[in-house]
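All heavy atoms count here, side chains included; hydrogens, waters and symmetry mates do not. Here is how names work: the chains are called A, B, and so on, in the same order as the sequence lines, proteins then strands, and each is numbered from 1.
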2 protein chains.
Amino acid sequence: MSKDRAGSAEFLGLRDIAAHAGVSHMTVSRVIRRPETVAEPTRQRVLAAIEALGYVPNLAARDLVRGSSSFVCMVVSSLQNVFFAATVEGLVRGLDPLGLQVMLGDAGFSAEREARLVRGFVARRPAGVVLMGTDHAPETVRLLSRSRAPVVETWDLTRAPIGACVGFDNVAVGRLAARHFRAIGARRAVVLGRSTPRNRKRIAGFLAEAKEVGLAHARHVELADGHALRVGREALAGLLDQAADDRPDALFFVSDTLAIGALLEATRRGVAVPQEVAILGFGDHPLGPELTPSLSTITAPLEEMGHEAARLIAGALAGEDIRGRVFDLGLSLIARESTARAG
Amino acid sequence: MSKDRAGSAEFLGLRDIAAHAGVSHMTVSRVIRRPETVAEPTRQRVLAAIEALGYVPNLAARDLVRGSSSFVCMVVSSLQNVFFAATVEGLVRGLDPLGLQVMLGDAGFSAEREARLVRGFVARRPAGVVLMGTDHAPETVRLLSRSRAPVVETWDLTRAPIGACVGFDNVAVGRLAARHFRAIGARRAVVLGRSTPRNRKRIAGFLAEAKEVGLAHARHVELADGHALRVGREALAGLLDQAADDRPDALFFVSDTLAIGALLEATRRGVAVPQEVAILGFGDHPLGPELTPSLSTITAPLEEMGHEAARLIAGALAGEDIRGRVFDLGLSLIARESTARAG
DNA sequence: TTGAAAGCGCTAACAA
DNA sequence: TTGTTAGCGCTTTCAA
């Protein structure tokens, strides 16, 4: 239980450096924050002292005075998901040149957990908060509305963002998929995914568009939670085991990972893709173009989304009012072999 | 540049709650930290005030007094890498029940960038610091040694850790691969990977063991930086284009992502795996078992590593001296189809 | 069980 | 250009 251990030096403060350099602590503070306001010889002496003593400022004190910190908090739905990781990376890279760091929380697709994380974040007076999705617990919204931190929601669009919103239209994702299936002449189109808030939009969009363009037999297959590759694989297996006359000929998975699982299973079973069944995913997984057949997919600029969130937060920090701004980053359909003329 | 905006309430302090509840601010502070030390009726009144006013404490002030914060900083080599993500997830999950959050930095495989991140982290007086790897800039080591925060290095082992170390033996990874190739009767074994510090160990281990077990023609092929799937694919293509008598029959890639790229390329080219060439990776990528042929791999408990790091930091926070502790979490070889009796 | 006083290490405002 | 003073919102210590 020994707390004082040899070798673990205590932290020095501004005043220690000041004493060593023969100036006041304010001069040291200035050298750190606005060196151009300090005379050259003085500055040199202070810098030498900082170097000699290995001084590292305590940002908690600065944060306390300023009432806000220099990091941005982000809640992700899952850290293991490569698609989310791309957005996180975009944010981290966009914030780095501004000297802002990122504090990450993993909500595991639970709005309650998200609220807990946000509460912890708000207690740190973050310079900004980035969320995934636009469906949040009332407490999350309340906490963030009261906080002064700029908030950016991502991965979806909403008419009433908490702060700003940079995302894409998940209903349009589903519609785009259905239109694509229509274009390749699919008869029995299916959308497969677990009913999370975002997925629900993709599913609804798919079913609505399918109806409108005359894909009469379109339906939704609910998927279980779990490891996406296996879930996708099992989903395909389940569909193939159905009576032949009810067998779908076009599958839209709400995520590429699911689609890849299905594609691999189809290959294994000798089911021809896209001839017997077309497969479409979402997210443009790096593996998609490498597979045989290559995977068609719908995607949004995932990394760019994080980058744009960083830009918005930077703007807010510079005094802009970003509230109410909603950016639709758009979608693209990448048609590869897995949906090449199914019918 | 307007700073005061309608609707964005200022934060309340302990004293505002105290005034509302008719107690001193100290009582409010106690209700938050040690409610059992406050009389029931008083506590109820205070809790009601907290609730009514939507009070969220300012942790920067607490951190300042205590000289240490309640988050753990982690530097990862890359956020997009699923293998690293597993360790991050383990850390986040292990820390969550302790009320500790994780601040992430992406070093992008640069020791300099790592040092910059660590400097920023140390300035926040973190409750702990987790690093990937055991090769760091001298400045990183200096900063962390002076800081009081417990440090845990991961993903490798070292005799002289900065604090504690939870990892696996990267030299043993290479040795295990070479032994496996020997066991399946490989003749011309190759290890492929970019020479990062960790990879260098795997490569050296592979070459050393290969020599010892009589794999005379073992050699290393340097890989470029870039998207791993493509790099792996191109590496395989390059080897196959070589004169047939120099063609390797067993490939150990330092990462599964590379190996998957190679495996897919082999399939595409009609090269039989493992008959013509055996392929082995590292990391147990979720896709490995789903491929045809399924991918053999060597792996360490990646998520467990993060979990163990969390446990060590928790121990340190409870007063344990964790410095000098080194844990080897061990390796396992998962032999699947891609290395089934090559020779 | 509660409160008063002191101060954590910084920054903002003002003075010299 | 540099220094002095007064806190930021908490927690620690000590007193009541």
Side-chain angles (χ1 to χ4, degrees), chain A residues 3 9-47 49-50 53-70 99 120 122-127 147-148, chain B residues 3 9-47 49-50 53-70 120 122-127 146-148:
Chain A
K3 283 194 171 177
E10 287 302 307
F11 283 107
L12 299 167
L14 234 29
R15 290 185 164 84
D16 300 296
I17 309 307
H20 192 270
V23 295
S24 82
H25 74 280
M26 264 315 294
T27 300
V28 180
S29 175
R30 286 190 186 103
V31 168
I32 292 167
R33 288 174 300 122
R34 324 181 66 240
E36 72 281 7
T37 66
V38 177
E40 177 64 20
T42 317
R43 184 172 52 207
Q44 289 310 329
R45 233 172 339 126
V46 171
L47 286 174
I50 288 176
L53 301 181
Y55 170 68
V56 179
N58 184 338
L59 292 185
R62 173 184 296 179
D63 291 353
L64 179 57
V65 174
R66 299 226 241 232
S68 123
S69 67
S70 58
V122 169
R124 298 231 157 71
R125 310 296 188 256
S147 124
R148 259 200 329 287
Chain B
K3 284 194 172 177
E10 287 302 306
F11 283 107
L12 299 167
L14 234 30
R15 290 184 163 84
D16 299 297
I17 309 306
H20 192 270
V23 295
S24 82
H25 74 280
M26 264 315 297
T27 301
V28 180
S29 176
R30 286 193 185 100
V31 168
I32 292 167
R33 288 174 301 121
R34 324 181 67 241
E36 72 281 7
T37 66
V38 178
E40 178 65 20
T42 318
R43 184 171 53 207
Q44 290 309 329
R45 231 166 347 122
V46 171
L47 286 173
I50 288 176
L53 301 182
Y55 170 67
V56 179
N58 184 338
L59 292 185
R62 174 184 295 179
D63 291 352
L64 179 57
V65 174
R66 299 224 240 230
S68 123
S69 68
S70 59
V122 169
R124 298 231 158 69
R125 310 295 189 256
R146 291 201 180 189
S147 123
R148 261 201 327 287

Practice problem: Using the heavy-atom set of chain A and a strict 4.0 Å cut-off, write down the first and last nucleotide of DNA chain C that makes it in, 5' to 3'. | Solution: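 The contacted stretch runs from C:dG9 to C:dA13.
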Exercise. Hey, could you give me each pair passing side-chain hydrogen bond (donor to acceptor under 3.5 Å, both in side chains) that has a residue in residues 53-67 of chain B? Not counting sequence neighbours.
Key: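 Residue pairs with at least one partner in residues 53-67 of chain B: there are none.
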Identify every side-chain donor-acceptor pair in residues 34-45 of chain B under 3.5 Å, counting partners at least two apart or on other chains, and give the distances.
unit_1: B:Thr37; atom_1: OG1; unit_2: B:Arg34; atom_2: O; d: 2.8
unit_1: B:Glu40; atom_1: OE1; unit_2: B:Arg43; atom_2: NH2; d: 2.1
unit_1: B:Glu40; atom_1: OE2; unit_2: B:Gln44; atom_2: NE2; d: 2.7
unit_1: B:Arg43; atom_1: NH1; unit_2: B:Pro35; atom_2: O; d: 2.9
unit_1: B:Arg45; atom_1: NH1; unit_2: B:Ala21; atom_2: O; d: 2.8

Practice problem: With axes from five pairs an end, tell me the bend angle of the helix from C:dT1-D:dA16 to C:dA16-D:dT1, nearest 10°. | Solution: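 About 30°, once rounded to a multiple of 10°.
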Quiz item: Roughly how far, to the nearest 0.5 Å, is OG of B:Ser70 from CZ of A:Arg124?
Solution: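 It is 3.5 Å, given to the nearest 0.5 Å.
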Exercise. With rounding to the nearest 0.5 Å, note down the distance linking CG in B:Leu12 to CD1 in B:Ile17.
Key: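 Reported value, rounded in 0.5 Å steps: 5.5 Å.
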On a heavy-atom basis, which atom in [X] and which in [Y] lie closest, and how many Å separate them?
X        : Y        : value
A:Pro126 : A:Ser69  : CA-OG, 3.4 Å
B:Ala18  : B:Ser24  : CB-C, 3.5 Å
A:Gly54  : B:Arg146 : CA-NH1, 3.3 Å
B:Ala49  : B:His20  : CB-ND1, 3.4 Å

Quiz item: Once each nucleotide of nucleotides 8-16 of chain D is scored for protein heavy atoms under 4.0 Å, what B/S/- sequence comes out, 5' to 3'?
Solution: BBBBB----
I'd like a table of donor-acceptor pairs (distance under 3.5 Å, sequence neighbours excluded) in which one partner is a side-chain atom from residues 26-33 of chain A, with atom names and distances.
unit_1: A:Ser29; atom_1: OG; unit_2: A:Arg33; atom_2: NE; d: 3.1
unit_1: A:Ser29; atom_1: OG; unit_2: A:Arg33; atom_2: NH2; d: 2.8

